[in-house]
Undergrad: 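Sharing a structure with you now.
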Number of protein chains: 2
Amino acid sequence: MSSTPQRKATDAGPGTPKTARGARTRARILKAAEEAFGTLGYYRAGITDITRGAGVAQGTFYCYFTGKEETLRELVRDMGHKVRAHLARHVDGAQDRLDAEARGLRAFLGYVTENPWMYRVLQEAQFVDEEIYQEYYEAFGDAYATLLADAVSRGEVRPGDNRVRAWALMGMSHFLGMRYGLWQSDVSPDDVVAAVDDMLRLGLAPQPRSDDKP
Amino acid sequence: MSSTPQRKATDAGPGTPKTARGARTRARILKAAEEAFGTLGYYRAGITDITRGAGVAQGTFYCYFTGKEETLRELVRDMGHKVRAHLARHVDGAQDRLDAEARGLRAFLGYVTENPWMYRVLQEAQFVDEEIYQEYYEAFGDAYATLLADAVSRGEVRPGDNRVRAWALMGMSHFLGMRYGLWQSDVSPDDVVAAVDDMLRLGLAPQPRSDDKP
DNA sequence: CCACAATATGACAACTGATTCACCTTTCTG
DNA sequence: CAGAAAGGTGAATCAGTTGTCATATTGTGG
């Protein structure tokens, strides 16, 4: 049972490209890997699928990567950046945190439909290199919890365990993205967001809460 | 690109056991498969790992299963039943739906910590046979949405899109189970449930909602 | 206690797919 | 333009798997 003997967090592969051409080739390989992993799945995708997609020979792959795993790790890192950037861009003009939540979810649903591969690749990382998968969500969760805490201090959100809330919210987005962004579009993204927004603002309980303990 | 050529929903393998002994062996293999998939992951686990764990020879595996995939499908089906049964048992005496939600989440967190493999196996099914994974959650979501609709008609929950809510709630449980049940226990299950219960009852918005549009 | 049907065995053939490596091509530099 | 360094090639190698099959064991009804 040899878990994962080698590997540093920052291994850039055997040959970091020294010229623009090399960098382009490396990028092509990475893009092809994303497509191959996304459509075939990590394990079903072979190096041949990647190199064929990139239009290079097998050997070229090993000029830039030590193996399949490293490729996946790099993709996961990229995706983290891209998703964050996308969300940040769309949440920008929000009035308050609840508004930001709605916009964020909307943006996420859109991102998922436009980048269906991202989803699969990220999820599959869970079984290839659990650590990097954890890092991804832990980082996301930290940032999220901080945003909520700020909102609490601004009086936009009631106090509560923001870390737990963050994970709950990430889970919601994850499942809604999968179901309504990836699998079926039987409910429009805006309707999904509306339902969630309502739930997040008011909760599910019916009574107008005035009886706060006498 | 040959996706999935054969396979019926109800293929019981080449030899359904005819005696009690055979049934026992089959069950042992299934249990060993769960452990192997859970600890090593589906693709890393070989038939040898399974048969070794079950204490039988390689060939015996093929007396009861056509291959690895069939084993996984069967496990996923089992897990669906077991999780449901567990939740049903623990939600039983609930006062209302919101109470049931809290109890359900609590039970789920407990189940995850006690059956860490279930989690991995189920999630990995997503990449081995996406259809069965979808079925699992679609069935769960349907049942969930119905429960919510009933609660609405009983006046325990405000009206809204119950299907979307169901997926949101499943996502929450999923992520909270992963983070607080599987990865780290830095927050007690009861505290997790409390935070979520609060959010589900009252939402995140601070104002006591009396201003329902004049 | 015998015969036969279900079970179980494990060596092995056939195959898959990752990685290596000796060699070729392109590009840049002095 | 010569030479070197970076980039690129793909056939060959190598490790590990799956699934088969001829054979052995178990145990049960007659």
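These numbers come from the heavy atoms of this one structure, side chains and all, not from hydrogens, waters or symmetry mates.
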Undergrad: Would you please confirm or rule out a distance under 4.0 Å between OP1 or OP2 of C:dT7 and any side-chain N or O of B:Thr25?
TA: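 Checking C:dT7 against B:Thr25, no side-chain N or O comes under 4.0 Å of OP1 or OP2.
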
Undergrad: Roughly, in whole Å, what's the span from OH in B:Tyr43 to P in C:dG17?
TA: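 Result: 11 Å.
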
Undergrad: So which of B:Thr71, B:Val128, B:Leu122 actually passes side chain to side chain contact (heavy atoms under 4.5 Å, CB included) with B:Val76?
TA: B:Leu122

Undergrad: If I take atom CZ in residue A:Phe61 and atom P in nucleotide C:dC21, what distance separates them, rounded to the nearest angstrom?
TA: 17 Å

Undergrad: For DNA chain C, which residues of residues 46-57 of chain B approach it to below 4.0 angstrom with any heavy atom?
TA: B:Val56, B:Ala57

Undergrad: To the nearest 0.5 Å, tell me how far B:Leu147 CG sits from B:Arg165 CZ.
TA: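 That separation rounds to 13.5 Å.
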
Undergrad: Quick one: which of C:dT7, C:dT27, C:dT19 gets closest to the side chain of B:Arg21?
TA: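 Nearest to the side-chain atoms of B:Arg21, counting from C-beta on, is C:dT7.
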
Undergrad: OP1 or OP2 of C:dT27 versus the side-chain N and O atoms of A:Thr19: is any pair under 4.0 Å?
TA: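 The answer is no; no side-chain N or O of A:Thr19 sits under 4.0 Å from OP1 or OP2.
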
Undergrad: Mind calculating the distance between CZ (B:Arg28) and P (C:dT7) to the nearest angstrom?
TA: 13 Å

Undergrad: Is there a donor-acceptor contact under 3.5 Å linking the side chains of A:Glu69 and A:Tyr42?
TA: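 The criterion, which ignores hydrogens and geometry beyond distance, is not satisfied for A:Tyr42 and A:Glu69.
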
Undergrad: If every non-hydrogen atom of B:Thr25 is compared with every non-hydrogen atom of B:Thr60, which pair is closest and at what distance?
TA: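 That closest heavy-atom pairing would be CG2-CG2, 4.0 Å.
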
Undergrad: Find the distance between CG (B:Asp129) and CD (B:Glu124) and round it off to the nearest 0.5 Å.
TA: 13.0 Å

Undergrad: Using a 4.0 Å cut-off to any heavy atom of chain B, which nucleotides of DNA chain D are the first and last in contact, reading 5' to 3'?
TA: D:dT18 to D:dT20

Undergrad: Rounded to whole angstrom units, what separation is found between the OH atom of A:Tyr42 and the P atom of C:dG17?
TA: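 So the OH-P distance, A:Tyr42 to C:dG17, works out to 14 Å.
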
Undergrad: If the test is side chain to side chain contact (heavy atoms under 4.5 Å, CB included), which one of B:Arg89, B:Lys82, B:Arg84 qualifies with B:His86?
TA: B:Arg89

Undergrad: If you draw the axis of the six-membered ring of B:Phe37, does the NZ or CZ of B:Arg120 fall within 45° of it and under 6.0 Å from the ring centre?
TA: no

Undergrad: Just one of A:Tyr119, A:Phe140, A:Tyr180 clears the ring pair (Phe, Tyr, Trp, His ring centres under 6.0 Å) bar with A:His174, so which one?
TA: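 Among the candidates, only A:Tyr119 passes.
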
Undergrad: CH2/B:Trp117 to CD/B:Glu35 distance, rounded to the nearest 0.5 angstrom?
TA: 3.5 Å

Undergrad: Touch check for A:Gly22, heavy atoms < 4.0 angstrom, all strands: base, sugar-phosphate only, or nothing?
TA: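 If one applies the 4.0 Å heavy-atom cut-off, A:Gly22 turns out to touch the sugar-phosphate alone, with no base involved.
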
Undergrad: Once you round it to whole Å, what is the distance between C1' of C:dC21 and OH of A:Tyr62?
TA: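 Atom-to-atom, A:Tyr62 to C:dC21, this comes out as 13 Å.
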
